[in-house]
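The structure appears below as structure tokens.
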Amino acid sequence: MNRFEGRTAVITGAAGGIGRATAGRLAAEGARIVAADLDEEVGRAVAEEVGGTFVRTDVTDEKEVEALFATAVRTYGGVDVAFNNAGISPPDDDSILTTGIDAWRRVQEVNLTSVYLCCKYALPHMREQGRGSIVNTASFVATMGAATSQISYTASKGGVLALSRELGVQFAREGIRVNALSPGPVNTPLLRELFAKDPERAARRLVHVPLGRFAEAEEIAAAVAFLASDDAAFITASNFLVDGGISGAYVTPL
């Protein structure tokens, strides 16, 4: 398939598992990739892998986010897809009873404020060309409650859902679609590191996945490619769950 031939995709968090897999998937379908991350070494490697451009970006810095999208337009002539994917899940974000205000604010800045900034600076370019697709990474935890809480992470992803829904409605008649992608647990370095420190938490989560395993980054990338493509032309303001059935399960199978 060449669903993105001649189109430009900006991907934040491009050095992470989902970001890297998505860069590869969209490039394989013809997209020109602008990879953004704080990790210069891995971010540049991702850009080189797909023949794209790397822009070191702190997604919580308004000027840097504005410059990221300006670079995409200057380099490739436009912004057709924005996959706003950067996020963190630090160990000090836990129960509301133990999570400090600094941890709360740091997670909100990276996970939610960054999506606000990326949408704010992608949308004018998309409005000018009369088309575009924005995919914001939320999470299944924004739909469900968890006893193994990450309170700021969960709240930030709920904010991503609400923001995406409102923008999807607001800009629908300008040819711009905005959707939230809600993955279940994904077999990425971030999740492996988190669960290596707490195997019991990993086991408690895995038992609730009806498919019996965590997702692979390439499976999430395939969902991004669908949402960002014209195959999803009638989908906007939605929460697209790719969670192995977690959110639909009352009792998991034996």
Side-chain angles (χ1 to χ4, degrees), residues 1-4 9-31 33 35-37 39 41-43 45-50 52 81-90 111 133 135-144 146 148 150 153-154 157 160-161 179-229 231-232 235 238-249 252-253:
M1 292 185 290
N2 289 292
R3 293 181 293 185
F4 299 98
V10 177
I11 300 172
T12 66
I18 294 173
R20 189 170 198 160
T22 301
R25 176 60 184 257
L26 297 187
E29 294 199 33
I33 304 297
D37 208 286
D39 187 330
E41 181 179 355
V42 179
V46 171
E48 289 175 8
E49 287 171 6
V50 299
V81 175
F83 179 37
N84 301 324
N85 170 65
I88 59 172
S89 180
N111 291 6
S133 178
V135 180
N136 296 322
T137 300
S139 171
F140 78 104
V141 301
T143 300
M144 303 184 69
T148 53
Q150 302 161 275
Y153 182 89
T154 298
K157 296 304 186 178
V160 171
L161 287 188
N179 291 290
L181 176 74
S182 287
V186 183
N187 184 22
T188 63
L190 179 66
L191 181 135
R192 288 194 295 271
E193 180 183 355
L194 178 67
F195 287 170
K197 296 176 181 176
D198 193 342
E200 182 183 356
R201 176 178 285 191
R204 287 183 69 187
R205 291 175 186 264
L206 182 58
V207 74
H208 294 297
V209 185
L211 284 180
R213 63 176 178 84
F214 294 149
E216 295 301 324
E218 290 75 16
E219 293 173 311
I220 307 303
V224 178
F226 168 69
L227 276 182
S229 77
D231 286 342
I235 301 175
S238 78
N239 177 22
F240 197 78
L241 282 152
V242 187
D243 65 356
I246 297 173
S247 59
T252 51

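This structure is a prediction, so every number in the text was calculated from the model and none was measured.
With rounding to the nearest 0.5 Å, the separation of CZ in Phe240 from CG in Leu227 is 5.0 Å. In this structure, CZ on Phe140 lies 8.5 Å from OG1 on Thr154, to the nearest 0.5 angstrom. Going from atom CD1 of Ile18 over to atom CD of Glu216 covers 11.0 Å, rounded to the nearest 0.5 Å. Phe4 contributes atom CZ, which lies 7.5 Å from atom OG of Ser133 (distance to the nearest 0.5 angstrom). One distance of note links CE of Met144 with CG of Leu241; it measures 9.5 Å at 0.5 Å rounding. Residue Arg20 holds its CZ atom at 11.0 Å from CD of Glu218, rounded to the nearest 0.5 Å.
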Checklist entry - Hey, mind stepping through Arg213 and Glu219 against salt bridge (charged side-chain N to carboxylate O under 4.0 Å, His left out) and telling me if it holds? => result CA-CA 12 Å; Arg213 63 176 178 84; Glu219 293 173 311; 2.7 Å; yes
Item to check | Verdict with reasoning, Val242 to Leu181, per side chain to side chain contact (heavy atoms under 4.5 Å, CB included) | outcome: CA-CA 7 Å; Val242 187; Leu181 176 74; 3.7 Å; yes
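Side chains of Asp231 and Arg3 form a contact here, defined as non-hydrogen atoms less than 4.5 Å apart. The side-chain heavy atoms of Ser182 and Thr137, taken from C-beta on, include no pair separated by under 4.5 Å. Proximity of Asn136 to Asn179: side-chain heavy atoms (C-beta onward) are nowhere separated by under 4.5 Å. Taking the side chain as every heavy atom from C-beta outward, Asn2 and Glu29 never approach each other to under 4.5 Å. The side-chain heavy atoms of Leu206 and Phe214, taken from C-beta on, include a pair separated by under 4.5 Å. Contact check for Ile88 versus Asn111: side-chain heavy atoms found under the 4.5 Å cut-off. Using a 4.5 Å cut-off on side-chain heavy atoms (C-beta onward), Ile33 and Leu26 make contact. Residues Thr22 and Ile220 are not in side-chain contact: their nearest non-hydrogen atoms beyond the backbone lie 4.5 Å or more apart.
The shortest heavy-atom contact between Ala249 and Pro210 is CB-CG, 3.8 Å. Nearest heavy atom pair, residue Ile246 against residue His208, reads CG1-O, 3.9 Å. The shortest non-hydrogen separation linking Ala15 to Gly43 is CB-N, 4.0 Å. Minimum heavy-atom separation, Val50 to Ala27: CB-CB, 3.6 Å. Heavy-atom minimum distance, Leu161 versus Ala138: CD2-CB, 3.6 Å. Contact record, Ala9 with Ala31: CB-CB, 4.5 Å, taken as the closest heavy-atom pair.
Asp37 contributes a side-chain N or O that, together with a main-chain N or O of Ala14, makes up a donor-acceptor pair within less than 3.5 Å. At distances below 3.5 Å, not a single donor-acceptor pair connects side-chain atoms of Ser238 with backbone N or O atoms of Ile235.
For the residue pair Thr12 and Asn85, no side-chain donor N or O sits within less than 3.5 Å of a side-chain acceptor on the partner.
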